Amino acid sequence: MRYVLLAAGDERPWAEAGQAEREEIYARWGRFEEMLTARNAGRGGDELAHSGTATTVRKTGGKVVVTDGPYAEAVEQIGGYVTIEVASMAEAIEFAEACPSDVVEIRPVPDRG
């Protein structure tokens with residue numbers, strides 16, 4: 001089964017981090033990616049730009065409204081995603097626990113085949 005791990009957290013610490021702190025964060029993500037590769041579970045993923053760069057398209061009552069900014073006003077914003085392929089939700093939770101992000105939402109990817 002494929003799952004997407006949506007990595008979320010408060011963006012302020014990243015914005016305030018110095019070069020050394022950012023390198024350590026990237027190193028933790030590198031170790032996580034190595035674990036995914038070693039267990040043949042990783043199927044791709046990417047870091048996302050700061051939520052302030054988002055554009056939201058809302059369709060309501062036959063109207064389309066395009067606004068700058070994220071969908072939700074919240075401290076925790078999605079900062080990236082990882083797609084994994086594992087045997088069970090229990091295994092997906094194991095990877096989410098190992099993920100360097102403060103908050104990880106797990107979403108199954110439906111099989112449309």
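The figures that follow rest on heavy atoms only: side chains count, while hydrogens, waters and symmetry mates do not. Remember, predicted model here, so these are calculated numbers, not experimental data.
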request  = Go through the side-chain N and O atoms of E21 and Y26 and say whether any donor and acceptor fall under 3.5 Å apart.
outcome  = no
Report yes if the side chains of [X] and [Y] come closer than 4.5 Å at any heavy-atom pair, otherwise no.
X: T67; Y: R58; answer: yes
X: Y81; Y: T83; answer: yes
X: L48; Y: I78; answer: yes
X: V82; Y: L36; answer: yes

Looking only at heavy atoms, what is the nearest atom pair of [X] and [Y], with distance?
X: S51; Y: Q77; value: OG-CG, 3.5 Å
X: A8; Y: S101; value: O-OG, 2.7 Å
X: M35; Y: A98; value: CE-CB, 3.5 Å
X: P108; Y: I106; value: CD-O, 4.1 Å
X: D10; Y: P13; value: O-CD, 3.2 Å
X: E76; Y: V103; value: OE2-CG2, 3.3 Å

request  = List for me each residue that meets ring-ring contact (aromatic ring centres under 6.0 Å, His included) alongside F32, sequence neighbours excluded, and say none if there are none.
outcome  = W29
message = Name the residue from L5, V109, V4 that meets the side-chain contact (heavy atoms from CB on, under 4.5 Å) definition with I84.
response = L5
[X]/[Y] ion pair, N-O < 4.0 Å:
X: R31; Y: E24; value: yes
X: E85; Y: R43; value: yes
X: E94; Y: R39; value: yes

query = What's the spacing between E16 CD and R22 CZ if we round to 0.5 Å?
reply = 10.0 Å
request  = Give, for atom CD of E91 and atom CD1 of I93, the distance between the pair rounded to the nearest 0.5 Å.
outcome  = 11.0 Å
Hydrophobic cluster identity match, V104 and V86, side-chain contacts under 4.5 Å = yes
query = Sub-3.5 Å donor-acceptor pair from the side chain of Y3 to the main-chain atoms of M89, do we have one?
reply = yes
key: salt bridge (charged side-chain N to carboxylate O under 4.0 Å, His left out): pairs with one or both residues in residues 101-113, sequence neighbours excluded   = E105-R107
